[in-house]
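Some notes on the structure that comes next.
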Amino acid sequence: IKENALKAFSSAQNSQELYGFKVQYLGKSGSLTESMKLMATLPKEEKPLFGKMVNEIKTELEAAYEQAEASLKNKEIDAKMLSEKLDLSFSTAAKEQGKEHPIHKVTNEIFSIMARLGYSLRTGPLIEKDYYNFEALNIPPNHPARDMQDTFFVDESHVLRTHTSPIQIHSLENEKPPLRIIGTGPVFRCDSDISHLPNFHQIEGMCVDEKVSMSDLKGTISFFVREFFGPGLKTRFRPSFFPFTEPSAEVDCSCPICKGKGCSMCKQTGWIEIGGSGLINPKVFAHANVEYPKWQGFAFGFGVERMAIIKYGVDDIRHFPSNDVRFLKQF
Ligand code: PHE
């Protein structure tokens, strides 16, 4: 038994096979264990000697098993390491690289242009009290101007901000004029088509100082538009209405998709509206306890996606939230 077992142990090719041999010889009904049964057939005086001999063989075989197991395990680990070795010279397909989102890029460009005019950055909450989104901006409850903005309501007194103009109020309440601020971030309106997204971005500018006029507004916006789009682009100011500015003007840029001839993006007008502007309505100053006419001001709010569309000739506003890397790569 001993010789057969030793031979088997040293012939085993892997630890599984070796374990099989262990069971065969040393297991509960293995041959060595079975041989103990022979003891009953022996004369009394031979029994202790026989028992001693079987136990010695058992100890010896267990040691041989452990040694064989250790060397097989080592070999198996070596083989595994060899098969899992990394070949660092192996070339793989190039990974797609992410890109900065055009909205982020455009927003940063706008900041740096406005920073040169002394404007600094402000933000505000996306969920606004009705007061900041409407009332303080001279849009009282039930005023028809509320229909201009398709509002998402959170509850009776809170809305998802429909524009960045509430940032004007936060700044007027918390800071002392003179002020030159630029606010930005997402805004929300219940509206979606080729040129409207329910979640888009605005950039808001506000200047409050002594003696601010419509010509300051036009000069600032014209400078900004020229710096952002380059000198070739046409802009126009159209008389308009916003409850929080008086007088008010809409700012349009010529449509780059059809070069002013008329297409679906510009609704056949040849112009794309980038936003509104105007002189701050004294009623807004009154809400925020800012002394008028000592302090006067202008404000504007532009759509960031619209500006990116015009600058880069994007033919559908819905590309922006798609995050398709083939689109993002082009900027
Ligand atoms: N808040 C206006 C809008 O979203 C734009 C605007 C901003 C108009 C500031 C005038 C002054 O349509």
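Excluded from the calculations below are hydrogen atoms, water molecules and symmetry mates; all remaining heavy atoms, backbone and side chain alike, are included. Remember, it's 1-based here, ligands and their atoms both numbered in the order they're listed.
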| query | H163 to ligand 1: N or O pair under 3.5 Å? | reply |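 Yes.
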| field | Short N or O distance, Q202 and ligand 1, threshold 3.5 Å exclusive | value |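 Q202 vs ligand 1: N/O contact under 3.5 Å present.
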| Should you measure from each heavy atom of Q168, which atoms of ligand 1 turn up under 4.0 Å away? |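 Matching atoms, with element in brackets: 9 (C).
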| field | Parallel, tilted or perpendicular: rings of F224 and F302 (30°, 60°) | value |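 Parallel: the ring planes of F302 and F224 meet at under 30°.
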| Can you say whether the rings of F331 and F327 are parallel (under 30°), tilted (30 to 60°) or perpendicular (over 60°)? |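 Correct class here is perpendicular.
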| query | Distance under 6.0 Å and angle within 45° of the ring axis: does K311 meet both against F228? | reply |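 Yes, K311 lies over the aromatic ring of F228.
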| query | Any side-chain heavy atom of F237 within less than 4.5 Å of one from M214? | reply |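 No, their side chains stay 4.5 Å or more apart.
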| query | Do the non-hydrogen side-chain atoms of N199 and L160 ever get within less than 4.5 Å of each other? | reply |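 Sidechains of L160 and N199: no contact.
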| message | Among all protein heavy atoms in this structure, tell me which lies nearest to atom 5 (C) of ligand 1, with the distance rounded to 0.1 Å. | response | G301 O, 3.9 Å
| task | For S248 and ligand 1, answer yes if some heavy atom of the residue is under 4.0 Å from a ligand atom, otherwise no. | result | no
| query | Out of P243, G276, P166, who gets a non-hydrogen atom closest to atom 6 (C) of ligand 1? | reply | G276
| note | Min over E273, E250, R189 of heavy-atom distance to atom 4 (O) of ligand 1 lands on R189
